[in-house]
Trainee: 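There's a structure below that I have some questions on.
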Amino acid sequence: ATPQQLQDSILLNYKGALLRQIYKLVLQIEVLGNPAGFVRGLGAGVLDFVLMPARGLLESPEDFARGMINGSWSLTRSLLGTPSGALGKITGALGRTVAQFSM
């Protein structure tokens with residue numbers, strides 16, 4: 001084999017490996033997160049956001065304020081928790097891909 005053929009073979013091998021890793025990354029359900037869990041968590045956060053202040057309103061102004069704070073915190077956690085977990089999985093998968101290519 002000539003040096004050019006050897007170079008072409010190596011390049012073709014790396015291109016194939018890169019495409020396989022991209023397919024794995026894109027098609028991994030784990031990387032995309034858990035859509036059902038996200039919807040469930042978001043629903044719980046919205047429910048807490050509405051019900052906690054309403055329950056507090058029945059008790060006292062202080063309990064209403066606590067309900068607003070706790071309900072808002074629950075909604076914020078449900079909105080940010082799942083996407084940040086998915087982002088962590090994506091960066092982890094990217095790190096594994098880069099590590100495979102560096103060897």
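Heavy atoms only: backbone and side chains are in, while hydrogens, waters and symmetry mates are out.
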Trainee: Suppose clustering is done on Ile, Leu, Val, Met, Phe, Trp and Tyr with side-chain heavy atoms closer than 4.5 Å. Which residues sit in the same group as M52?
Mentor: none
Trainee: Give the minimum heavy-atom separation between P53 and V50, together with the two atoms involved.
Mentor: CD-O, 3.5 Å
Trainee: With sequence neighbours left out, write down each residue that passes side chain to side chain donor-acceptor pair (under 3.5 Å) with D8, or none if nothing qualifies.
Mentor: Q4
Trainee: So, does S9 use its side chain to make a donor-acceptor pair with the main chain of Q5 at under 3.5 Å?
Mentor: no
Trainee: Quick check: do R55 and L58 have side-chain heavy atoms less than 4.5 Å from each other?
Mentor: no
Trainee: Can you pull the salt bridge (charged side-chain N to carboxylate O under 4.0 Å, His left out) pairs that have at least one residue in residues 56-72, sequence neighbours excluded?
Mentor: D63-R66
Trainee: Kindly give the heavy-atom pair with the smallest separation between S74 and A44, and that separation in Å.
Mentor: OG-O, 4.3 Å
Trainee: Just verifying a value: how many Å separate L75 CG and D48 CG, rounded to the nearest 0.5 Å?
Mentor: 9.0 Å
Trainee: Taking ILVMFWY side chains as joined if any heavy atoms are under 4.5 angstrom apart, and letting links pass through other members, which residues group with L47?
Mentor: L51
Trainee: Please report the shortest heavy-atom distance between S78 and G45, naming the atom on each side.
Mentor: OG-CA, 3.6 Å
Trainee: Can you list the other members of the hydrophobic cluster that holds F64, where links are side-chain heavy atoms under 4.5 angstrom apart?
Mentor: L57, M68
Trainee: Using the side chain to side chain contact (heavy atoms under 4.5 Å, CB included) criterion, which residues pair with I10? Sequence neighbours excluded.
Mentor: L6, Y14
